[in-house]
Structure formats: structure tokens, C-alpha cells
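One is the number of the first residue; the rest follow in order along the sequence.
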Amino acid sequence: MIEGKLGEMPVMRSEMLGGVTHFVTMRGARDAGDAWDGLSMCHYVGDSEERVAEARRKVAEVLGISVNHILMPRQVHGTKVVVADTAADGIASQIAVTEADAIVTNLKGYCIGVSTADCVPVIICDERRRVVAAVHAGWRGVVADIATKTIESMREQFGCEAADMTAVIGPCIHTEAFEVGEEVAQQFDAQFVVRQPGQKPHVDLPAAVEHQLRTAGITRIDNSAPCTYTRHDLFFSARRLGIHSGRIATCVML
């Protein structure tokens with residue numbers, strides 16, 4: 001992924017996904033040690049309603065859409081995929097209280113997204129059928145294979161084929177920073193677990209997600225984003241800053 005601008009806001013984009021509007025917000029923080037400093041669009045992690053509303057207003061203004069066209073579900077580390085295929089008044093408020101960890105749409109002019117601060121965000125796009133998805137995969141979501149479930153939802157709801165899809169894995173925690181207990185490590189295939197004598201195991205979450213995407217049939221995958229923990233100056237990191245902190249947004253819009 002490469003750094004760029006959304007209006008005046010710093011973002012990251014993928015050079016592999018040029019046919020649709022997409023971005024990952026960056027903090028733009030003045031004080032990297034302040035857990036709330038920076039742009040955060042997440043409405044349920046303790047940030048002030050005013051700050052979140054202002055962040056969404058800024059993003060909507062640059063995209064040229066109403067804030068009511070920003071659709072982001074309430075994530076719960078599950079595997080539910082919500083489909084937004086009907087434009088209706090109140091759809092943003094409805095999805096904001098829907099417990100889901102992936103969202104799929106074919107609606108033009110609606111920005112869908114997920115919020116993360118170390119978990120793996122994924123954008124999936126079928127440019128042929130004009131269908132996009134945003135996925136939130138924490139370690140539980142990776143174990144439960146939410147990425148594949150999202151691809152299956154795109155196929156069932158819109159007739160998409162994995163061979164036509166491009167996937168972008170956004171900024172997340174990388175292997176060297178993701179230390180876990182043995183009870184977590186044992187839930188992953190050994191190829192994604194790094195073990196060193198006298199140390200707790202480490203898990204390679206983005207590699208595990210990439211493997212799932214490829215197994216599902218997607219061959220065009222961008223897995224070049226930086227580590228959120230290491231670059232907490234650029235991205236929010238719950239492990240570095242605490243769970244009471246902001247969240248980056250990974251978004252896509254037709």
C-alpha cells in the first residue's frame with residue numbers, strides 16, 4: 001500500500017485496486033502517545049460523539065456524499081456478514097447497531113467500512129459485477145474464516161466469482177508484535193505460528209488471512225501494509241495504546 005491524501009487527510013491506498021474509491025485512514029496525530037489523538041470514525045469504543053461525528057463529516061465531505069451514506073457495523077469478533085443492497089432512509093443508523101464483522105454492498109455512492117486497531121481489515125472488490133466488501137478479522141475472526149464467509153456471501157447474493165475479485169489486506173499487527181498464549185496459537189495452522197525457545201508464540205495474522213483468500217480462489221492480493229503496533233504514530237494500536245483508544249477506518253465505495 002502507498003500513502004496519499006483524501007482531501008487534506010492522510011490515508012493509504014492500494015495500487016492494485018484502482019477501479020473503486022478506497023482508503024485506510026491514518027491518525028494524523030500530533031501526540032502519538034495520546035490514545036485518542038487522530039482521526040477516528042468508530043462510534044462505540046469510547047471516543048466522544050462530537051469527535052467521531054466531525055471525523056465522519058470530514059470524510060463524507062471529501063467523498064461528496066452524505067454522512068448517512070457511511071455504513072459501518074458494530075463489530076463483535078463474530079462471523080456475521082451484513083448485506084446492504086437497498087438504499088433507504090435510516091440505513092446508516094440501522095447498520096451502526098447491527099452486530100456484524102463484514103459488510104457487502106452493490107450500492108453506488110455508499111461508503112462501507114470497518115474499524116480496527118491491530119485486527120486485520122480487508123477490502124474485497126469484484127469490479128466486474130461492481131460489488132465490494134469490507135471485513136474485520138481479529139484472531140477469532142481469522143480462526144472462524146470470516147474472509148471466506150464474506151466471499152461466499154458475495155457469491156450467493158450477487159453472483160460474484162472469486163476469480164474476478166481483488167483483495168487488499170490493510171494495516172494490522174504483524175508477527176513480531178503479536179505475542180499470544182498457547183491456547184490461541186494452537187488454533188492456528190503451524191505455518192502461521194513462530195516459536196522461539198523461552199518465548200511465547202507469535203502468530204502471523206495477515207499471512208493467515210492471505211492464505212484463506214487464496215484458498216477461496218482470489219489470486220490478486222495486496223498484503224503490503226505496515227504494522228499498526230510498530231507504527232502507532234501512523235495508526236491506532238490497541239496493544240500499544242490500550243483498548244480505550246481510537247480506531248482506523250478501512251473503507252471502499254463504488
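Checking R56 against H43 by side-chain atom types alone, a donor-acceptor pair falls below 3.5 Å.
A chain of hydrophobic side-chain contacts below 4.5 Å, direct or via other Ile, Leu, Val, Met, Phe, Trp or Tyr residues, connects I123 to L107. Residue I173 is grouped with residue V143 when hydrophobic side chains (ILVMFWY) are merged at heavy-atom distances under 4.5 angstrom, including chains of intermediate members. Follow the hydrophobic side-chain contacts under 4.5 Å out from V209 and you reach V203 in the same cluster.
Between F188 and W139, the two ring planes are tilted [angle within 30° to 60°].
Between the NE2 atom in H232 and the CZ atom in R240 there is a gap of 4.5 Å [rounded to 0.5 Å]. Here the straight-line distance linking atom CD1 of I169 with atom CG of L213 works out to 5.5 Å at 0.5 Å rounding. Atom CG of residue L6 and atom CG of residue L63 lie 5.5 Å apart, to the nearest 0.5 angstrom. Separation of atoms NE2 (H77) and CD (E99) is listed at 12.0 Å; rounding is to 0.5 Å. How far CE of M12 is from OG1 of T250: 10.5 Å, rounded to the nearest 0.5 Å. Interatomic distance, R27 CZ to I248 CD1, rounded to the nearest 0.5 Å: 10.5 Å.
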List the steps and the verdict of ring pair (Phe, Tyr, Trp, His ring centres under 6.0 Å) for F192 and H211.
CA-CA 10 Å; F192 306 117; H211 176 75; 5.5 Å; yes
Start with the C-alpha distance between F158 and R129, add both sets of side-chain angles, then the distance that settles side-chain contact (heavy atoms from CB on, under 4.5 Å), and finish with yes or no.
CA-CA 8 Å; F158 301 106; R129 291 171 182 79; 5.6 Å; no
Might you work through the ring pair (Phe, Tyr, Trp, His ring centres under 6.0 Å) test for Y110 and H69, ending with a clear yes or no?
CA-CA 5 Å; Y110 280 79; H69 282 203; 3.9 Å; yes
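Residue K200 places its NZ atom among 12 or fewer non-hydrogen atoms of other residues, nucleotides or ligands, all under 6.0 Å distant. No more than 12 heavy atoms of other residues, nucleotides or ligands shown are found within 6.0 angstrom of CG on D89. Enclosure of atom CD in E49 is not indicated, since only 12 or fewer non-hydrogen atoms of other residues, nucleotides or ligands lie within 6.0 angstrom.
Geometric assessment of R247 against the ring of F236 yields a negative cation-pi assignment under the 6.0 Å and 45° thresholds.
For the residue pair I146 and K80, the shortest heavy atom distance occurs at CD1-O, 4.5 Å. Contact between I124 and M165 at its shortest, heavy atoms only, is CG2-SD, 3.7 Å. Nearest heavy-atom pair, T228 versus F235, reported as atom, atom and distance to 0.1 Å: CG2-CB, 3.8 Å.
Checking each of H136, R74, K149 against D101 for a side-chain hydrogen bond (donor to acceptor under 3.5 Å, both in side chains) leaves exactly one that passes, namely H136.
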